[in-house]
Amino acid sequence: MRRTKGEELNEKVVVPKDYRYGTNRPWTIAAKRLNPPGKRRRKVFVEPIAPEDWTVLRGDTVEILAGKDKGKQGKVVQVFRHRNWVILQGLNTHYRYIGKTHDYPGTYIASEAPILLRDVALIDPSDRKPTEVEWKFTEEGDKVRVSVRTGCIIPKPVVERRDGIVPEQWKDGPKDTSPEDTVEKTFTPSLKTLEEEVMEKLGIQENRRQRKSYWY
Amino acid sequence: MPTISTVGTQRNNKDCDSFTRRRRRRRRKMAASSMAGRVLTLCKQFQNVFRISSGINAKNAAVNLAKHYSHLYSPISSVSQYRTLHTTISRRGLDEFFDFPENWGEETVKSGAPWSAKHLRTKSNEDLHKLWYVLLKEKNMLLTLEQESKRQRVPMPSPERLRKVERSLIRLETVAKERETTLRLLQTGQEKGRPGAWRRNVLGYIYWYRFKEYAIPWYMNTRYMRKRFYTPKFVEPHIRLRIEKYLRDKYRKTNLKKRTLAKLKERFPHMKVPSS
C-alpha cells in the first residue's frame, strides 16, 4: 500500500555508517536532498569527546575565540554532538536569499553557520571572561561545571521545554494524579505473584486443574 | 481415535542411516516403556474426553466470574496520572470510549507526564492491576478519537497523550515482569519462565530453543519428529570456513579502529583517548 506523507515522515530513518551529518536532521526533506542514499562523501574527522565531558549546553552564553565574530558573546541555540558543532544566535552569520520564485528575488536573511566546540568557550559568571570548564562534584553530590581559572560554579541554563510547560506553574487536570498519590508507597514485598495477590483481593477461586500438556 | 499401534510401526520402519541413528540413541531411554506408554495413552484419551465436558462447565464458570469481577472492580482512590476518581461506574460502558464532553471539539487537551518506572515500583500489585485497566481504557478512548479524526480529516487534538499512555503501559509491564522474575529467581533459581534448551541446528549453530506447548507428547508429534537438532557430517567444513570468516571480520574491525584512532591522534594531538 502507498505510504502517506505523514507515515513517510514518521518512519525511522536508517543512516549509513559513513553518513555525513549536517545542520539538517536526517529525516527532513532537506537532508534527504543533500544526502540521497548511495551518496558517499569524503570522511570528516571529528574529535571524540565523551558524553560526560561535554560542557556546553543549549541556552548557555559562550564567547567565540576564533573566526569572523571573534570576541563576541552569544547564546547557544543548537548543539550538534556528532560534528562537535554549536550554533549561536545571530553570530557567525552569512547572508542568503530564501523563498525565491520565478519573479520574486527572495527574502534576504542572515543564517548562522555552525562553530566548532574548540573555537568556543564558556563564560565565567563572576568576571564575564572566557574560561576552561571541568565537571566536578559538590559536597552534596551534584555534578556541576566549575571554571578552572577562578573556581566559580557555572549554573545550568534554564531551557524552555518543547511543549511549553513550566513545571512550577503546572496545575493538575481532571485526569492527572496528585503528586502525593503518585509518591505514596503502597508496595509491600511478599512471596505472592501479582496474579495470586489480585485473585486473593478479588475473591477469585481457581478450582480448575490444568489439562496435561507437553513442553518440548 | 488414536493410532498408537501405527506410530510404533512407523518408528521401527525408519531408515537406519547415520542421520536417524543419533536421534534414536537419544530417544532410546524414552522408548523403554513404550508398551506401558501405549496403554497409558489409551486411558488418557478417555480421560481427555471427560475433561472436555468439564471444560465447558469451567467456561461458564469463567463467565460468571467475569461478571463478579466487574462488580468488584470498585472505583479507586489513588489512581493513575491519567484518570481521576469517579464516584459511579458507568454501567452503559460506551461513554468510556469518549473523552469528557467539555473536551469535545478542542484543539489541544492538557495532559500530564506519563508514569515513570520509579513511581510504578512503589505501588502494590493490586494498584498496578487497576492502573493497567485504567490506562487501557484511556488508550481505547484515544484510539477511537484518532480514528474518528482520521475519518473527519481533522488533526487529532494532542496526539502525544496516546504515546504517553503507551509508554506508561510498557513501563508497567516491565515492572510486573521484574517482580515476577525476582520471585522466580528466589524460589527456583531460574530466570526464564518459559522452558527451553540449548540445541544445535542443521547449520551448526547452537541456539536457545524455546519449548512450545503441545497436547501430545513428542514421540507422537510427526512434524516435531521431522525436525533435525543435529548437524550432518558434510556441514562441518562449512562451519570451519564460517569461523575463519568471522575471525577475519573481527580482525578487520579492530585494525580499522586502530587506524582511525591513529589518524585522529595525528589531527587532534590534544584529544583524550576514548576508554571503550
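Every chain is numbered from 1, with letters handed out A, B, ... down the list of sequences. Hydrogens, waters and symmetry mates play no part in the numbers below; they use all other heavy atoms, side chains included.
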Any chance NZ of A:Lys70 has more than 12 other-residue heavy atoms, nucleotides or ligands included, within less than 6.0 Å?
no
Non-hydrogen side-chain atoms of A:Lys171 and B:Lys110 separated by less than 4.5 Å:
yes
Residue from B:Arg210, B:Lys212, B:Glu213 passing side chain to side chain contact (heavy atoms under 4.5 Å, CB included) with A:Trp215:
B:Glu213
Within 6.0 angstrom of B:Leu256 CG, more than 12 heavy atoms from elsewhere
yes
In this structure, CZ of A:Arg162 is separated from CD of B:Glu160 (nearest 0.5 Å) by 13.0 Å
Less than 4.5 Å to any heavy atom of chain B: does that hold for the side chain of A:Glu197, its backbone, both, or neither?
side chain
Could you give the distance from CD (B:Glu180) to CG (A:Leu194), rounded to the nearest 0.5 Å?
8.5 Å
Roughly how far, to the nearest 0.5 Å, is CZ of B:Arg179 from OG1 of A:Thr193?
11.5 Å
Backbone N/O of A:Pro48 and side chain of B:Lys272: donor-acceptor pair under 3.5 Å:
no
Lys/Arg N to Asp/Glu carboxylate O, A:Glu184 vs B:Lys123, below 4.0 Å:
no
Taking C-beta and beyond as the side chain, do A:Val198 and B:Leu128 meet within less than 4.5 Å on heavy atoms?
no
Would A:Lys175 and B:Glu138 count as a side chain to side chain contact (heavy atoms under 4.5 Å, CB included) here? Give the steps.
CA-CA 10 Å; A:Lys175 290 189 180 177; B:Glu138 183 69 19; 3.3 Å; yes
Assess whether atom NZ of B:Lys265 is packed by more than 12 heavy atoms of other residues, nucleotides or ligands within 6.0 Å.
yes
With a cut-off of 6.0 Å (strictly less than), are more than 12 heavy atoms of other residues, nucleotides or ligands near NZ of A:Lys68?
yes
Chain A: which of B:Leu183, B:Val109, B:Leu120 shares the most heavy-atom pairs with it under 4.5 Å?
B:Leu183
For A:Asp53, is it the side chain, the backbone, both or neither that has a heavy atom under 4.5 Å from a heavy atom of chain B?
side chain
Flag yes if more than 12 heavy atoms outside A:Glu160 fall under 6.0 Å of its CD atom; otherwise flag no.
no
Take B:Leu264 and A:Val46, measure what side chain to side chain contact (heavy atoms under 4.5 Å, CB included) needs, and give me the verdict at the end.
CA-CA 8 Å; B:Leu264 279 171; A:Val46 166; over 6 Å; no
Tell me whether B:Gln187 at atom CD has more than 12 heavy atoms from other residues, nucleotides or ligands lying less than 6.0 Å away.
yes
A:Phe187 side chain reached by B:Arg121 side chain, heavy atoms, under 4.5 Å:
no
Any idea which of B:Arg184, B:Met271, B:Lys118, B:Arg267 has the most non-hydrogen atom pairs under 4.5 angstrom with chain A?
B:Arg267
Looking at B:Asp127 and A:Lys201, is there a salt bridge between them, counting it only when a charged N and a carboxylate O are closer than 4.0 Å?
no
Which bit of A:Lys43 comes within less than 4.5 Å of chain B, counting heavy atoms only: side chain, backbone, both or neither?
side chain
Mark yes when over 12 heavy atoms from residues, nucleotides or ligands other than B:Lys258 sit less than 6.0 Å from its NZ; otherwise mark no.
no
For atom CD of A:Glu132, is the number of surrounding heavy atoms from other residues, nucleotides or ligands below 6.0 Å larger than 12?
no
Quick check: do B:Tyr214 and A:Ser213 have side-chain heavy atoms less than 4.5 Å from each other?
no
If you draw the axis of the six-membered ring of B:Phe268, does the NZ or CZ of A:Arg118 fall within 45° of it and under 6.0 Å from the ring centre?
no
Under 3.5 Å, is there a donor-acceptor pair between the B:Asn221 and A:Tyr214 side chains?
no
Which heavy atom in A:Thr177 sits nearest to a heavy atom in B:Trp115, and how many Å separate them?
OG1-CZ2, 3.8 Å
Carefully, step by step, assess A:Glu200 and B:Asn125 under the rule side chain to side chain contact (heavy atoms under 4.5 Å, CB included).
CA-CA 11 Å; A:Glu200 215 186 272; B:Asn125 286 330; over 6 Å; no
Under 4.5 Å from a heavy atom of chain A, the part of B:Arg194 involved:
side chain
Enter the distance from A:Tyr216:OH to B:Phe211:CZ here, rounded to the nearest 0.5 Å.
11.0 Å
